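Report on the structure given below.
Atom set for the values below is all heavy atoms of this structure, side chains included, hydrogens, waters and symmetry mates excluded. In what follows, residues are counted from 1 in the order of the sequence shown. Computed from a predicted structure; not experimentally measured.
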Amino acid sequence: METLANLESFVRSAEHCGFSGAARRLGLTPAAVSRNVAMLERNLGIRLFHRSTRKLTLTEDGERFLAAIRDNLEGLQSAIAEAGGEQGGPAGVLKVSLSPTFGIDHILPLLPDFLKQYPAIRIDWQFDNRQVDLVAEGFDAAIGGGFELSPGIVSRVLAPAHIIAVASPAYLVGRSPLLDPAGLADLDGIVMRSARTGRIRQWIMRNAAGEEMAAAPKETIVVNDPAAMCRAALLGLGVTLVAVPDVLPHLESGELVRVLPKWYADAGPISVYYGSRTLLPAKARVFIDFVADHFKRHRLAERFAGSLG
């Protein structure tokens, strides 16, 4: 009977088109992954990969074998993970990447209850406004928006990331209410420069009727962090376009108000990203389920929807 290590090495090598990517994912050396795959081929009596100096390509036999075992391997891994959880409970270091404002406001407060339920898990969280490489950097999960899904990475949607225009009541005193996003051009703007492109972020806003219009406030203040944008708006320095989760406490307290209540921009979903369920450790699995359950119970997807303004 084939060992699980040989089968895992084959599946990951196929997903990453090489032994190096599979090795990073499995925590092995490329040589060890190559040996596991060679042993599997020897035991099966078939060639699974065409090998070149640049990448691996599945043979016809390899494609058939991958299709036959992928789902079974996932079930076997899940059974092993559940058995391990029943013996000692999820344990180990949980390494997660989170965007600073969203992570601190909405995920960090979940830790007391989470650690009370899973006391053997230790926390190693990094708050950063960038997309991390989960496999290469050794993260168990990441929470944010706009991630590009590399091979072997999956996502679970938590809530929408809707962008809305907000300002302080003091800034709006004496100003006429705006009818549509075109009016933003007449207001002082607190805008964000993208760290990735170096350009000012641009948004197309829409309303419930399906109308769309560019939102282009004056570039009065330029920053590179959503928390700084919120703080500048709270100081009465102008109008800013930010995600609902980043300003929700200020909206609920009345410190900020929506400038265009019927208009919003869609920045895609806020998701939790993690490795394929096939190799998902128990510590990551219970964390992802815990976060998703919290969002569901507290109806955060609905609260974060700028379209409901």
Side-chain angles (χ1 to χ4, degrees), residues 8 11-12 15 24-27 70-71 73-161 243 245 267-305:
E8 289 174 344
V11 171
R12 292 308 171 208
E15 290 177 344
R24 288 194 297 269
R25 183 63 185 277
L26 295 170
R70 191 196 295 265
D71 292 340
L73 182 63
E74 181 172 331
L76 181 57
Q77 279 287 357
S78 297
I80 292 172
E82 290 175 6
E86 289 173 359
Q87 291 176 4
V93 176
L94 179 67
K95 189 175 180 182
V96 180
S97 171
L98 310 100
S99 59
T101 304
F102 182 83
I104 292 171
D105 287 347
H106 300 287
I107 306 299
L108 194 62
L110 307 186
L111 266 185
D113 288 341
F114 179 74
L115 292 177
K116 185 182 300 183
Q117 190 169 344
Y118 303 105
I121 292 178
R122 291 180 291 129
I123 301 301
D124 182 356
W125 288 7
Q126 295 185 19
F127 298 86
D128 202 355
N129 280 319
R130 69 182 180 93
Q131 176 172 337
V132 298
D133 185 328
L134 269 69
V135 175
E137 298 180 56
F139 284 96
D140 294 297
I143 297 178
F147 271 52
E148 296 179 6
L149 294 182
S150 55
I153 303 301
V154 295
S155 65
R156 183 171 177 176
V157 174
L158 297 174
I270 299 167
S271 301
V272 54
Y273 301 86
Y274 52 96
S276 170
R277 297 174 184 86
T278 304
L279 292 175
L280 192 63
K283 61 183 179 181
R285 176 170 47 82
V286 296
F287 171 71
I288 292 163
D289 289 343
F290 189 91
V291 171
D293 180 66
H294 172 81
F295 271 67
K296 183 177 181 179
R297 284 188 293 107
H298 293 272
R299 302 177 63 86
L300 292 185
E302 290 88 344
R303 292 175 64 196
F304 291 172

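With a 4.5 Å cut-off on side-chain heavy atoms, Leu108 and Phe127 count as touching. At a threshold of 4.5 Å between non-hydrogen side-chain atoms, the residues Asp113 and Phe290 count as touching. Counting heavy atoms from C-beta outward, Trp125 and Leu111 have side chains that approach closer than 4.5 Å. Counting heavy atoms from C-beta outward, Phe304 and Leu158 have side chains that stay 4.5 Å or more apart. Here the side chains of Val291 and Leu110 are in contact, with some heavy-atom distance below 4.5 Å.
Atom NE2 of residue His106 and atom OG of residue Ser99 lie 9.0 Å apart, to the nearest 0.5 angstrom. Rounding to the nearest 0.5 angstrom, the gap separating the CG atom in Asp133 from the OG atom in Ser97 is 11.0 Å. A distance of 5.0 Å separates CG in Leu98 from CD1 in Ile143, rounded to the nearest 0.5 Å. Ile270 contributes atom CD1, which lies 13.0 Å from atom OG of Ser155 (distance to the nearest 0.5 angstrom). How far NE2 of His298 is from NE2 of His294: 4.5 Å, rounded to the nearest 0.5 Å.
With respect to the salt-bridge test (charged N to carboxylate O, under 4.0 angstrom), the residues Glu137 and Arg130 qualify. Between Arg156 and Asp289, at least one side-chain nitrogen of the basic residue sits less than 4.0 Å from a carboxylate oxygen of the acidic one, meeting the salt-bridge criterion.
With hydrogens and angles ignored, the 3.5 Å screen pairs a side-chain donor or acceptor of Lys283 with a backbone N or O of Val93. Panel note: side chain Asp140, backbone Ala284; no donor-acceptor pair is recorded below 3.5 Å.
Counting all heavy atoms, side chain and backbone alike, Tyr273 lies closest to Gly144 at CE1-O, 3.6 Å. Counting all heavy atoms, side chain and backbone alike, Leu134 lies closest to Ala142 at CD1-CB, 3.9 Å. When all heavy atoms of Gly103 and Pro109 are compared, the pair lying nearest together is O-CD, 4.4 Å. Summarising the geometry of Ala301 relative to Ala159, their closest heavy-atom pair is CA-CB, 3.7 Å, with the distance given to 0.1 Å.
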### Task
Determine, stepwise, if the pair Ile121 / Phe114 fulfils side-chain contact (heavy atoms from CB on, under 4.5 Å).
CA-CA 9 Å; Ile121 292 178; Phe114 179 74; 3.8 Å; yes

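Aromatic ring pairs are classed by plane angle as parallel below 30°, tilted from 30° to 60° and perpendicular above 60°; the pair Phe295 and Phe102 is tilted.
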